[in-house]
Amino acid sequence: MSAAALSIRGLRVEYPLEDGRVVAAVDGLDLEIAQGEIHALVGESGAGKTTVGNALMGLLDAPGRVAAGRVAIAGRNVDFRTGRAAGIVQGRDVGAIFQDPMTSLNPLFTVESQIGETLRFHLGLDREAARARALDLLRAVGIPEPERRLKAYPHQLSGGQRQRVVIAAALSCDPKLLVADEPTTALDVSVQAQILDLVRALVRERGLGVLLVTHNMGVVAEIADRVTVMRGGKVVESGKVADVLTRPKHAYVQGLVAAVPRIDKRLARFATIGDETAGAQAARDDLRTRYMRPRAEKVPDAILEVANLTVEYGSGSLLGLGRKGGFRAVDDVSFAVKRGEIFGIVGESGSGKTTVANAVAGLVRTAAGTIRFAGQAIGEKRPRALRGAMQMVFQDPYASLNSRMRIDDALAEPMLFHGVAAGRSDADARIAMLIEAVGLAPDAGRRYPFAFSGGQRQRLSIARALAAEPQLVVCDEPTSSLDVSVQAQILNLLKDLRDATGLTLLFISHDLAVVRQMCDRVAVMQGGRIVELADCDTLFADPQHAYTKRLLSLVPNVARIGNRLEPTGASP
């Protein structure tokens, strides 16, 4: 009988604290992945699931340490100091996909250089053969215009395109084990479907074992054979996906499954796990009733009006010697957002939705069209009052916070700059409330961004956007890094703020199930244009455009688990 692709027994990972205490990030984990099996590891942010992957690859951040346990890859024991096992080569036999594609790619090298280096080093291919295989890999993961993207640098790609490049590099040498940490977080539903199909094919054809670390229960339902649910570093439930997701035994797992957004019907509120702290509940109540008071000034029904918006990249003059050929990212887009409305924009990676958000926020130069806020035309230079009235939550939580600023300083800055707080003591009281309102411990303000997980950083980014008491918040994939339970809390909070204060949201997302629950109206973008705009219920019940119908058909859905094919893996 062949050895398991991955075997973990009694794993304990500890982090010593300055005061002498020790925190167990992973405590007594047992997990086995057979060859040809996809095993999902799920849990809330901070549950320890990412720590498991880092431990088996020797990537624990100091002072983290493996205190006990055994890990074997294909029957060969891993040395925790290096993440290596005799006869197993990282990058060739073990592939890794990390959550943040920008930290996985070297900004100084092209896509071809980074994938080609792996192929030449591990497979001994010459430059031409490596280029041809890299091109095939980019096609396989759905990169548009792969010949052009091969010569691109990471900053020239969208977030979804960067993640596809990372996936292509991880799969380039046909590894025996793939450790995938949130591999589809930055991907739209169509590319996500391509990636899941690709992983399934590799599992089927090559006997690849996959450790899938994710918070997306729809993805788990679509692709995984078995699932282990963690909480506080411990396993609370493990078994076949169909058993755990449709008949969960543990109350915590039942809460996680109930919190998954539904695409089939709209609910008044997201279900949440009922063990929030009293402080978090009180902070949210305070934020709803006092912190963001309804504004008395009158504004037009349409607080945001976008007319004939066009954005082009690379079309400026070069040293004044004529014009270069440009790319039109947004092409003649028009829409209006009513005060107090949650207006959604959806579409595939590269459709132009994030560019629209950046143009509204004043972060990119427009080639044509007008943007009006509260009836006033706005350009590139915006007064301080307008900048305070319009805030943004960015897609990447790792790049959104200054790594050299403590969290309380990062939240105090917009309050003091826009005059929301009377002074630092007033700001500190508001900061404590905001931090608890987004579900973090009150002492989080005294820490730096590196001390938080991706999901926790995104919660802090949302808190910072709310700190200036804006009238409009532009949300670019605001929950893509959040687990389903925290996502439910944050989205309920945003909806409550809208209901209580008239806060307006421009909501950019590739998660159509979240859009279904959140938005009043939705615009669907393809190739820089809006191809359909309708009331949310109408759009999901009776889409008119073929592109919209295709997007909706690709959404991973826990409800479809009963219709899945038999598991690909060999585990009983």
Checklist entry - Does a side-chain heavy-atom distance below 4.5 Å link Arg164 with Pro144? => result yes
Checklist outcome for this item: Looking only at heavy atoms, the pair that brings Leu157 and Arg162 closest together is O-NH1, 2.7 Å
Checklist entry - Going from CD1 on Ile407 to CZ on Phe452, what distance comes out if it is rounded to the nearest 0.5 angstrom? => result 5.0 Å
Next on the checklist: Taking Ile342's backbone N and O only, do any of them form a donor-acceptor pair with Asp520's side chain (distance below 3.5 Å, no angle check)?
Outcome noted: yes
Item to check | Salt bridge Arg430-Glu469, side-chain N to carboxylate O under 4.0 Å | outcome: yes
Checklist entry - Just by modelled atom types, is the Arg457 backbone N or O under 3.5 Å from a matching donor or acceptor in the Ser461 side chain? => result yes
Checklist entry - Is it true that atom CD of Glu413 has more than 12 heavy atoms of other residues, nucleotides or ligands lying nearer than 6.0 Å? => result no
Next on the checklist: Looking at His510, is its backbone amide N or carbonyl O close enough to the side chain of Glu477 to form a donor-acceptor pair, meaning the two atoms are under 3.5 Å apart?
Outcome noted: yes
Item to check | Shortest non-hydrogen contact from Val253 toward Pro248 | outcome: CG1-CB, 3.7 Å
Checklist entry - Heavy atoms, side chains only, cut-off 4.5 Å: are Val23 and Glu14 in contact? => result no
Item to check | Non-hydrogen atoms of Gln163 and Phe98 that approach each other most closely | outcome: NE2-O, 3.4 Å
Checklist entry - Between atom CG of Asp61 and atom CG of Asn54, what is the distance when rounded to the nearest 0.5 Å? => result 7.0 Å
Checklist outcome for this item: The reported gap from CG in Leu11 to CG in Leu31 (rounded to nearest 0.5 angstrom) is 10.0 Å
Item to check | Pairwise side-chain contact, Phe343 with Leu506, heavy-atom cut-off 4.5 Å (strictly under) | outcome: yes
Checklist entry - Within the side chain of Gln391, is there an N or O that forms a donor-acceptor pair under 3.5 Å with the backbone of Ala468? => result no
Checklist entry - Taking Asn358 for the side chain and Val364 for the main chain, is one N or O donor matched with an acceptor at less than 3.5 Å? => result no
Checklist entry - Going through the distances and angles, do Ser509 and Met518 end up as a side chain to side chain contact (heavy atoms under 4.5 Å, CB included)? => result CA-CA 11 Å; Ser509 182; Met518 283 293 293; over 6 Å; no
Checklist entry - Going from NZ on Lys353 to CD1 on Ile345, what distance comes out if it is rounded to the nearest 0.5 angstrom? => result 10.0 Å
Item to check | N/O donor-acceptor pair under 3.5 Å between Arg12 side chain and Ala67 backbone | outcome: no
Checklist entry - side chain to side chain contact (heavy atoms under 4.5 Å, CB included) between Met390 and Ile378: does it pass, once the steps are laid out? => result CA-CA 12 Å; Met390 188 185 299; Ile378 56 178; 4.1 Å; yes
Item to check | Glu237 side chain to Thr228 backbone, donor-acceptor under 3.5 Å | outcome: no
Checklist entry - For Phe417, is the NZ or CZ atom of Arg384 found under 6.0 angstrom from the centre of its six-membered ring and inside 45 degrees of the ring axis? => result yes
Checklist entry - Relative to the ring of His155, is the ring of Tyr153 parallel (under 30°), tilted (30 to 60°) or perpendicular (over 60°)? => result parallel
Next on the checklist: Which residue is it: Val71, Leu41, Asp181, Val213? I am looking for the one with a side-chain contact (heavy atoms from CB on, under 4.5 Å) to Val52.
Outcome noted: Leu41
Item to check | Worked verdict on Leu256 versus Val229 for side chain to side chain contact (heavy atoms under 4.5 Å, CB included) | outcome: CA-CA 10 Å; Leu256 278 183; Val229 183; 3.9 Å; yes
Next on the checklist: Leu108: which residues meet the side chain to side chain contact (heavy atoms under 4.5 Å, CB included) condition with it, sequence neighbours left out?
Outcome noted: Asn106
Item to check | Side chain proximity check, Leu491 to Phe507, heavy atoms < 4.5 angstrom | outcome: yes
Item to check | side chain to side chain contact (heavy atoms under 4.5 Å, CB included) partners for Asn216, two or more places apart | outcome: Gln192, Thr214, Val219
Checklist entry - Within a radius of less than 6.0 Å around NZ of Lys234, do more than 12 heavy atoms belonging to other residues, nucleotides or ligands occur? => result no
Next on the checklist: Checking Asp408 now: which residues fulfil side chain to side chain contact (heavy atoms under 4.5 Å, CB included) with it, not counting sequence neighbours?
Outcome noted: Arg406, Arg424, Ile431
Item to check | Beyond-backbone contact of His39 with Leu212, side-chain heavy atoms, under 4.5 angstrom | outcome: no
Checklist outcome for this item: So CE of Met230 and CG of Asp27: to nearest 0.5 Å the spacing works out to 9.0 Å
Checklist entry - Does the pair Asp409/Arg404 count as a salt bridge with the N-to-O cut at 4.0 Å? => result no
Checklist entry - Would you say Leu29 and Val13 make side-chain contact, with heavy atoms under 4.5 Å? => result no
Item to check | Side chain to side chain, Arg262 and Leu267, heavy atoms closer than 4.5 Å | outcome: yes
Checklist entry - Checking side chain to side chain contact (heavy atoms under 4.5 Å, CB included) for the pair Glu348/Met525: CA distance, chi angles, key distance, verdict? => result CA-CA 8 Å; Glu348 294 176 288; Met525 291 191 68; over 6 Å; no
Checklist outcome for this item: In terms of heavy-atom contacts, Val438 and Arg459 come closest through O-CD, 2.8 Å
Checklist entry - Do the side-chain N and O atoms of Tyr252 and Glu44 include a donor-acceptor pair separated by under 3.5 angstrom? => result yes
Item to check | Shortest non-hydrogen contact from Ala55 toward Val66 | outcome: CB-CG2, 4.2 Å
Next on the checklist: I'd like to know if the side chain of Gln458 reaches the main chain of Pro478, judged simply by a donor and an acceptor atom lying under 3.5 Å from each other, with no hydrogens or angles considered.
Outcome noted: yes
Checklist entry - Do the non-hydrogen side-chain atoms of Val94 and Leu178 ever get within less than 4.5 Å of each other? => result no
Checklist outcome for this item: Ile8 and Leu56 have their tightest heavy-atom pair at CD1-CD2, 4.5 Å
Next on the checklist: Check Asp496 with Arg269, please: is the shortest side-chain N to carboxylate O separation under 4.0 Å?
Outcome noted: yes
Item to check | Main-chain N/O of Gly340 paired with Arg498 side-chain donor or acceptor, under 3.5 Å | outcome: yes
Next on the checklist: Distance check, rounded to the nearest 0.5 Å: Lys495 atom NZ versus Leu503 atom CG?
Outcome noted: 13.5 Å
Checklist entry - Is the backbone N or O of Cys519 less than 3.5 Å from a side-chain atom of Arg266, with the two atoms forming a donor-acceptor pair by type? => result yes
